[in-house]
Each structure stands twice: as C-alpha cells, then as structure tokens.
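Written below as structure tokens is the structure these notes are about.
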Amino acid sequence: MSLLNKSIVPPLRLTFIMWAVFVFEYYTSFELAFLGVRPRTLNGLIGIFTMPLIHGDFGHIASNTIPLIVLGSTLYLFYDKIAPKVFLQCYFLTGILIWIVGRDYYHIGASGLIYGIASFLIFFGFFRKDFKSIIISIVIIIFYGGMVYGLLPIDSKVSFEGHLMGAVAGLIAAFTLRNKK
C-alpha cells in the first residue's frame with residue numbers, strides 16, 4: 001500500500017466511527033450529547049474521549065467529515081512519523097482544555113480536532129522553516145484560512161471554545177514536535 005493510500009486510513013477510521021455513532025443515534029433516537037465534554041464536572045471528563053464522536057445533527061457531522069479526511073490525510077501523508085502523536089495530542093488536549101475553560105454545556109463534535117490538525121499544519125511550517133513545511137502551511141492557510149472565524153464567539157450554539165482550544169492544541173503540538181521529522 002502506498003503512502004498516499006495509507007495516509008487516508010486513520011482519518012477514515014475515525015470518520016467511520018463518527019458516522020456509526022451518528023447512525024446509531026439517528027435510528028435509536030437515543031441522544032448521546034451527554035457524552036460530550038461538560039467543563040469542570042466529573043461526568044464531563046468522559047467527553048475528553050468521546051466528544052469528537054458525537055454530533056448534533058446531519059449538518060454538523062457533514063461539515064466535520066471532509067475537513068477531517070482532508071486535513072487528517074495531509075497530516076499522515078506529509079508527517080507520517082509524527083502524525084499519530086499530533087493526532088492524539090490534538091484529540092485529547094483539545095478535550096482537556098475545553099474541560100478547563102469551556103462554557104457550562106456539553107461540547108460535542110470533531111471540529112476541535114480539525115482545528116487542532118489545521119493549526120498544527122500551519123504552525124509547524126513556521127517553526128520548522130523548511131521549504132516543504134512552509135508550502136504546506138501556505139496551502140492550508142489558503143484553503144482553510146476562513147476557519148479563523150470559528151475562533152470567535154459568533155454563534156452561541158457553536159463551541160468556539162472547542163475551535164479555539166483545538167487551535168491551541170495544534171500550536172502546542174507544532175511547537176513541541178518542531179524538531180521531529
């Protein structure tokens with residue numbers, strides 16, 4: 001299997017699980033939002049593990065699917081040796097940070113992870129200062145630069161904290177792994 005084919009496998013696996021959870025919710029009418037991150041509560045800690053798997057409606061999961069596959073595949077294609085560390089750091093650190101600073105409601109969805117991966121891909125180029133990483137940073141800014149609006153508290157139903165904490169997690173991952181290849 002080529003590196004290109006292998007790079008899409010991890011994000012597709014997570015996407016498959018997200019959709020399986022969503023289909024389960026849809027056909028059973030059993031809402032799983034209580035498995036999101038609920039800041040500063042003991043029950044809310046489970047969301048650190050489950051938040052990216054739970055989505056509110058079809059539009060929510062659909063809007064997370066393509067960016068997760070594209071950005072996740074980009075991560076695994078160009079940074080295959082450190083991609084699992086980046087992915088896990090963005091996945092868990094985002095949830096932990098939301099648990100610490102988020103508003104008091106259930107935060108759900110994979111957008112924090114998506115913001116984390118995008119942030120990593122952008123900042124890694126600036127920290128590494130090598131040609132390949134800088135080009136990747138520029139391409140991500142061009143195609144996903146509009147995500148910056150998601151960092152602002154524009155819509156009370158959207159967890160801007162999830163987006164912001166994901167971006168912070170990606171920045172931290174880029175900084176801590178800047179000397180890795």
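Positions are given from 1, in the same order as the sequence printed here.
Using a 4.0 Å cut-off between charged nitrogen and carboxylate oxygen, R38 and D104 count as a salt-bridge pair. Salt bridge annotation for R128-D130: present, with a cationic side-chain nitrogen under 4.0 angstrom from a carboxylate oxygen.
Residues Y115 and M147 are in side-chain contact: their nearest non-hydrogen atoms beyond the backbone lie under 4.5 Å apart. Within the 4.5 Å cutoff, no side-chain heavy atoms of K180 are placed close to those of K81. The shortest distance between side-chain heavy atoms of W99 and M165 does not fall below 4.5 Å. Residues Y91 and I48 have side chains not in contact (no heavy-atom distance under 4.5 Å, counting atoms from C-beta outward). Residues Y144 and P67 meet the side-chain proximity criterion, which asks for heavy atoms closer than 4.5 Å. Side-chain contact between I140 and L71: present, with at least one pair of heavy atoms (C-beta onward) separated by less than 4.5 Å. V158 is listed as a side-chain neighbour of H163, based on a closest heavy-atom distance under 4.5 Å.
Each of L35 and Y27 belongs to its own hydrophobic cluster when Ile, Leu, Val, Met, Phe, Trp and Tyr are linked at side-chain heavy-atom distances under 4.5 angstrom. Residues I142 and I134 are members of one and the same hydrophobic cluster, defined by side-chain heavy-atom contacts under 4.5 angstrom among Ile, Leu, Val, Met, Phe, Trp and Tyr. L88 and L177 fall within the same hydrophobic cluster, defined by Ile, Leu, Val, Met, Phe, Trp and Tyr side-chain heavy atoms under 4.5 Å apart, directly or through other members. Connection of M18 to V23 is not established within any shared hydrophobic cluster, with ILVMFWY side chains joined at heavy-atom distances below 4.5 Å, either directly or through further cluster members. Under the 4.5 Å side-chain heavy-atom criterion for grouping Ile, Leu, Val, Met, Phe, Trp and Tyr, I122 is connected to F78 within one hydrophobic cluster.
A donor-acceptor contact shorter than 3.5 Å links the side chain of S119 to the backbone of L171. Under a 3.5 Å cut-off, the side chain of R178 and the backbone N or O of G125 do not form any donor-acceptor pair. Side-chain atoms of E161 do not come within 3.5 Å of backbone N or O of V101 as any donor-acceptor pair.
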Between F120 and I82, is the side chain to side chain contact (heavy atoms under 4.5 Å, CB included) condition met? List the steps. CA-CA 11 Å; F120 170 83; I82 62 170; 3.8 Å; yes
Kindly indicate, with the supporting measurements, whether the criterion side chain to side chain donor-acceptor pair (under 3.5 Å) is fulfilled by S133 and Y79. CA-CA 9 Å; S133 299; Y79 304 113; 3.1 Å; yes
Please walk me through it: do L14 and L53 pass side chain to side chain contact (heavy atoms under 4.5 Å, CB included)? CA-CA 8 Å; L14 182 60; L53 307 177; 3.4 Å; yes
Check step by step if side chain to side chain contact (heavy atoms under 4.5 Å, CB included) holds for R103 and F160. CA-CA 10 Å; R103 288 175 285 162; F160 80 92; 3.8 Å; yes
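Separation of the H55 and F22 ring centroids does not fall under the 6.0 Å cut-off. F58 and H60 have their aromatic ring centers separated by at least 6.0 angstrom. Between F92 and F49, the gap from one ring centroid to the other is short of 6.0 Å. Taking the six-membered ring wherever Trp is involved, the centroid distance between the rings of F16 and W19 does not fall below 6.0 Å. Between F34 and Y106, the ring centre distance reaches or exceeds 6.0 Å. Within the 6.0 Å centre-distance limit, the rings of F175 and F127 are counted as a close aromatic pair.
Residue A167 comes nearest to L151 through the heavy atom pair CB-CD2, 4.1 Å, listed as atom of the first residue, atom of the second, then distance. Contact detail for N5 and I8: the closest heavy-atom pair is O-CG2, 3.2 Å. Taking both residues in full, the closest heavy atoms of Y105 and S156 are given as OH-O, 4.2 Å, listed atom of the first, atom of the second, then distance. Listed here is the closest heavy atom pair of T50 and I54: O-CG1, 3.4 Å. Across G162 and T94, no two heavy atoms sit closer than the pair O-CG2, 3.8 Å. Closest heavy-atom contact between P11 and G72: CG-C, 3.6 Å.
When the shell of 6.0 Å around CD1 of I154 is examined, it contains more than 12 heavy atoms from other residues, nucleotides or ligands. Within a 6.0 Å radius of NZ in K132, other residues, nucleotides and ligands contribute more than 12 heavy atoms.
Here S111 contributes atom OG and L68 contributes atom CG; the two are 10.5 Å apart, rounded to the nearest 0.5 Å. F126 contributes atom CZ, which lies 5.5 Å from atom OG of S137 (distance to the nearest 0.5 angstrom). Atom CG of L12 sits about 9.0 Å away from atom OG of S7, to the nearest 0.5 Å. Rounding to the nearest 0.5 Å gives a distance of 7.5 Å between CG of N64 and CD1 of I61. For the atom pair C90 SG and L75 CG, the distance stands at 8.0 Å (nearest 0.5 Å). Within the model, atoms CD1 of I172 and CG of L97 stand 6.0 Å from one another, a figure rounded to the nearest 0.5 Å.
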